[in-house]
Amino acid sequence: MKTLGIETSCDETAIAIYDSHEGLVGESIHSQIKMHTQYGGVVPELASRDHCSKIVNVMKEALGDYPIECIDQIAYTSGPGLLGALLIGESFAQGLSSALNVPLIPINHLEGHLMSPMMEFPEIKMPFLCLLISGGHSMIVDVKDKGSYQIIGQSQDDAVGEAFDKVAKLLDLPYPGGPYIEKIAISGDPETYDFPRPMVHSDNLDMSLSGLKTSVLYTVQKIDNLDEKVKSNIAASFQKAVSDLLIAKTTKAIKTTNRKDLIIAGGVAANKFIRNEFKNLEEDLNIKVYYPDLKYCGDNAAMIAFVGSKMSPKNKGYRTSKVRARWPLDELKQ
Ligand code: KG4
Ligand code: ZN
């Protein structure tokens, strides 16, 4: 089965081809980050226009010499995400499926993230636990079986990536701030500031990030000279607080569910400090921790093509829109 995957839910235009026997045989991704940086965040209208102008070339690059007639089905992200951006991907996918006369499969973007490490590590078997940490979502998901996902804990306010981006803004770092925080934190001392770990002791698996961000704000407001050293110390202390919070909640989730495999996915999973801290859990909890390759932590189409390759579409095509700006993982039945 050869599946062409399309991802346009936010600020990446991406297309990939996944062959059930050979694995990933082509991919291309165009990031809009440079365009949005000047506005300090993603501008939805600009994102949609850019998807429109780049998607054909991204597909040509992904295909390379690969004959398009060999594609058996089209999988595309139909939510959650920016409505206008999703519609561009969907229209393109509909046109392609109609031209090639192949089935069309709408895919949940979050399912793509949480399945992505299975592309690289076929030994991962369900059930497993997934900590999904991105710019829009922070949740602990009990992956019981294909299509059967239970969110057992989540952020009550800001997503983890969002908190990284907001703290980066306070430190005058560019958007998206996660990678910049990670970079300057390397030379900082994580013990300098004792930022709160909100909800760390609550008896459920939920967490909160906005209090932590506000605490960084108050700290920054009290500092007269926000020089590079001070910024590094704030970044390192903030990153440590986030990591401690995630580790405490995930540990509790592992003990509650008794799962033996843990997947960390989503954009923030690219953070090497957080990756290392989680790796240390393996021995203590007798579990195995997996991360996607760095290039598959952020948004990409390989994960969408991969999830699509595991599905058998019931219909040949859709002529109605399946796009959903909000599409919780536990409402996955299509
Ligand atoms: O999954 P993603 O590419 O997009 C969605 O939100 O779906 O995640 C983007 C988020 C941004 O908030 C970005 O700042 C964060 O992931 N991020 C990081 C790192 N790389 C990306 N956060 C912390 N450390 C990183 N190295
Ligand atoms: Zn994402």
Side-chain angles (χ1 to χ4, degrees), residues 5-14 16 29-33 36-37 40-42 44 47 76-82 85-86 89 107-117 130-139 141 154-155 157-171 173-186 188 190 209-210 212-213 216 235-236 238-243 245-246 263-278 291-304 306-307 325-329:
I6 301 173
E7 159 63 38
T8 62
S9 66
C10 190
D11 56 349
E12 260 88 32
T13 316
I29 178 161
H30 168 75
S31 172
Q32 305 176 350
I33 278 182
H36 296 295
T37 297
V42 176
Y76 71 100
T77 302
S78 61
L82 302 171
L86 289 166
I107 303 285
N108 182 297
H109 178 83
L110 302 176
E111 187 177 20
H113 274 305
L114 65 87
M115 290 292 167
S116 58
C130 177
L131 173 67
L132 180 50
I133 36 178
S134 70
H137 300 88
S138 299
M139 51 179 76
V141 186
Q154 59 189 320
S155 172
D157 36 61
D158 293 349
V160 178
E162 192 182 353
F164 266 92
D165 296 341
K166 287 177 176 172
V167 166
K169 215 170 197 170
L170 296 174
L171 301 180
L173 298 170
Y175 173 86
Y180 294 96
I181 296 264
E182 178 180 2
K183 196 165 171 221
I184 67 166
I186 293 170
L209 274 304
S210 87
L212 168 57
K213 170 206 66 194
V216 176
F238 163 76
Q239 189 174 253
K240 177 84 171 85
V242 171
S243 176
L245 181 59
L246 295 175
I263 284 179
I264 323 277
V268 185
N271 185 292
K272 294 192 201 69
F273 179 82
I274 294 177
R275 285 166 96 103
N276 284 339
E277 296 275 286
F278 269 97
Y291 320 99
D293 186 280
L294 284 180
K295 68 175 176 171
Y296 298 126
C297 286
D299 293 345
N300 65 87
M303 65 186 193
I304 303 302
F306 176 70
V307 174
R326 244 193 106 259
W327 185 9
L329 263 179

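Predicted, not measured: the structure shown is a model, and the values here were computed from it. In each ligand, atom 1 is the first atom listed, and ligand 1 is the first ligand listed.
In this structure N300 satisfies the side-chain hydrogen bond (donor to acceptor under 3.5 Å, both in side chains) test with no other residue, sequence neighbours excluded. Not counting sequence neighbours, the partners of S31 by the side-chain hydrogen bond (donor to acceptor under 3.5 Å, both in side chains) test are E12. For K295, the salt bridge (charged side-chain N to carboxylate O under 4.0 Å, His left out) partners are E27, not counting sequence neighbours.
For atom 26 (N) of ligand 1, the nearest protein heavy atom (residue, atom name, distance) is E182 OE1, 2.7 Å. In terms of protein heavy-atom proximity, atom 18 (C) of ligand 1 is nearest to G178 CA, 3.6 Å. What sits closest to atom 24 (N) of ligand 1 on the protein, heavy atoms only, is N271 ND2, 3.1 Å. Looking only at heavy atoms of the protein, atom 11 (C) of ligand 1 is closest to D165 OD2, 3.6 Å. For atom 21 (C) of ligand 1, the nearest non-hydrogen atom of the protein is G267 O, 3.4 Å. Counting only heavy atoms of the protein, atom 15 (C) of ligand 1 lies nearest to V268 CG2, 4.0 Å.
Using a 4.5 Å heavy-atom cutoff, the side chains of F278 and L131 are in contact. Within the 4.5 Å cutoff, the side chain of P179 has no heavy atoms near those of the F164 side chain.
Close contacts of ligand 1 with G298, meaning ligand atoms under 4.0 Å from a residue heavy atom, involve 3 (O). Every atom of ligand 1 is numbered from 1 in the order shown, and the set under 4.0 Å from a heavy atom of G161 is 12 (O). Listed by number with element, the atoms of ligand 1 under 4.0 angstrom from any heavy atom of G135 are 5 (C), 6 (O), 8 (O), 9 (C), 10 (C), 12 (O). Below 4.0 Å from some heavy atom of G136 lie the following atoms of ligand 1, by number and element: 6 (O). In summary, the atoms of ligand 1 found under 4.0 Å from a heavy atom of P176, numbered by their order in the structure, are 14 (O). Close contacts of ligand 1 with H109, meaning ligand atoms under 4.0 Å from a residue heavy atom, involve 7 (O).
The closest approach between any non-hydrogen atom of P179 and ligand 1 is below 4.0 Å. In this structure, E12 has no heavy atom closer than 4.0 Å to ligand 1.
Residues F238 and V216 approach most closely at CD1-CG2, 4.0 Å, considering heavy atoms. What you find for S9 and D299 is that their closest heavy atoms are OG-OD2, 4.2 Å. The shortest non-hydrogen separation linking G178 to D165 is N-OD1, 3.4 Å. Residue P292 comes nearest to I264 through the heavy atom pair CD-O, 3.0 Å, listed as atom of the first residue, atom of the second, then distance. Residues L209 and S155 approach most closely at CD2-OG, 3.9 Å, considering heavy atoms. Heavy-atom minimum distance, N108 versus L110: OD1-N, 2.8 Å.
With a 4.0 Å heavy-atom cut-off, ligand 1 is reached by no atom of K272. Contact annotation: for D299 versus ligand 1, heavy atoms closer than 4.0 Å belong to both the backbone and the side chain.
The distance from the CD1 atom of I263 to the CG atom of L132 is 10.5 Å, given to the nearest 0.5 Å. If you take CD1 on I304 and CD on E7, they are separated by 5.0 Å, rounding to the nearest 0.5 Å. Rounded to the nearest 0.5 Å, atoms CD1 (I107) and CZ (F306) are 11.0 Å apart.
Inspection of the environment of the Zn ion (ligand 2) yields the following protein N, O or S atoms under 2.8 Å: H109 NE2, H113 NE2, D299 OD1.
Checked against a 3.5 angstrom limit, the closest N/O atoms of F164 and ligand 1 fall outside it.
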